[in-house]
Amino acid sequence: MKQFIVLCAVLPLMLILMIQFGLDQVNGARISAFNQIVYTAKEAAQQRGCFTDEIQKDMRDRLERLGFAAEDISIQCDSEPKGRGEYIFYTVSVKIRRAALPVMAADDSYSYVIDSCAVSEYLE
């Protein structure tokens, strides 16, 4: 009976840790995909000299298909064409859930941010 009581106390904790490990793996895959989507958009922006509305919409759509909520996506970037050799600045961020269950942490999300610049290849 003593072993059963201990099992009842320990089993939920072990399950929470297993769920948390699974969520960490999912978040790692989503961050990797997020990096690839932003990189692809940056390459397109370099060719056009800026982050056009089309590039921003495509990036937002791809992030939403990846599972990020529309209100959790923030895109701030240069939308005026820059000539060859000029810098294009951009900041893209998404919110990511940190804990599998609210019991694990008081703040259950954080923002993953890419804040960078690229050199325009656009010929005016």
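On a predicted model such as this, the values are computed, not experimentally measured, just so you know.
Closest non-hydrogen pair, S79 versus C50, comes out as O-SG, 3.6 Å. Between C8 and P12 the shortest heavy-atom distance is O-CD, 3.1 Å. Taking each heavy atom of Y122 and P81 in turn, the nearest pair found is CE2-CB, 4.4 Å.
Interatomic distance, OH of Y90 versus CD1 of I55, reported as 12.0 Å (0.5 Å rounding). Taken from CD1 in I73 to CD in Q56, the straight-line distance is 12.0 Å, to the nearest 0.5 Å. Taking CG from D53 and CZ from R60, the interatomic distance works out to 11.0 Å, rounded to the nearest 0.5 Å. Going from atom CD1 of I88 over to atom CZ of F51 covers 6.5 Å, rounded to the nearest 0.5 Å. Expressed to the nearest 0.5 Å, how far SG of C117 lies from CD of Q46 amounts to 9.5 Å. Rounding to the nearest 0.5 angstrom, the gap separating the CG atom in L63 from the OG atom in S93 is 10.0 Å.
Two different hydrophobic clusters hold V26 and Y112 under the rule that ILVMFWY side chains link at heavy-atom gaps under 4.5 Å. Transitive grouping of hydrophobic side chains (ILVMFWY, heavy atoms separated by less than 4.5 Å) keeps V113 and F34 in distinct clusters. Tracing side-chain contacts under 4.5 Å through hydrophobic residues (I, L, V, M, F, W, Y), one never reaches L7 starting from L13; they form parts of separate clusters. Residues Y110 and F68 share a single hydrophobic cluster, defined by chaining ILVMFWY side chains whose heavy atoms lie under 4.5 Å apart. In the hydrophobic cluster analysis, where Ile, Leu, Val, Met, Phe, Trp and Tyr join through side-chain heavy atoms closer than 4.5 angstrom, V6 is grouped together with M14.
Under the 3.5 Å distance criterion, the side-chain polar atoms of T40 are matched with a main-chain donor or acceptor of Q36.
Between R65 and D61 there is no salt bridge, since no side-chain nitrogen of the basic residue lies less than 4.0 Å from a carboxylate oxygen of the acidic one.
Within the structure, the salt bridge (Lys or Arg N to Asp or Glu O under 4.0 Å) test picks out the following pairs touching residues 66-82 (sequence neighbours left out): D78-K82.
The salt bridge (Lys or Arg N to Asp or Glu O under 4.0 Å) test applied to R84 returns no partner, not counting sequence neighbours. When the side chain to side chain donor-acceptor pair (under 3.5 Å) test is applied to Q47, the partners found at least two apart in sequence or on another chain are E121.
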Exercise. Going through the checks in order, is the side chain to side chain contact (heavy atoms under 4.5 Å, CB included) test met by Y39 and I114?
Worked result: CA-CA 10 Å; Y39 177 80; I114 295 179; over 6 Å; no
Exercise. Step by step, would you call R30 with V94 a side chain to side chain contact (heavy atoms under 4.5 Å, CB included)?
Worked result: CA-CA 10 Å; R30 290 176 77 200; V94 292; over 6 Å; no
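Counting heavy atoms from C-beta on, the side chains of F89 and D115 never come closer than 4.5 Å.
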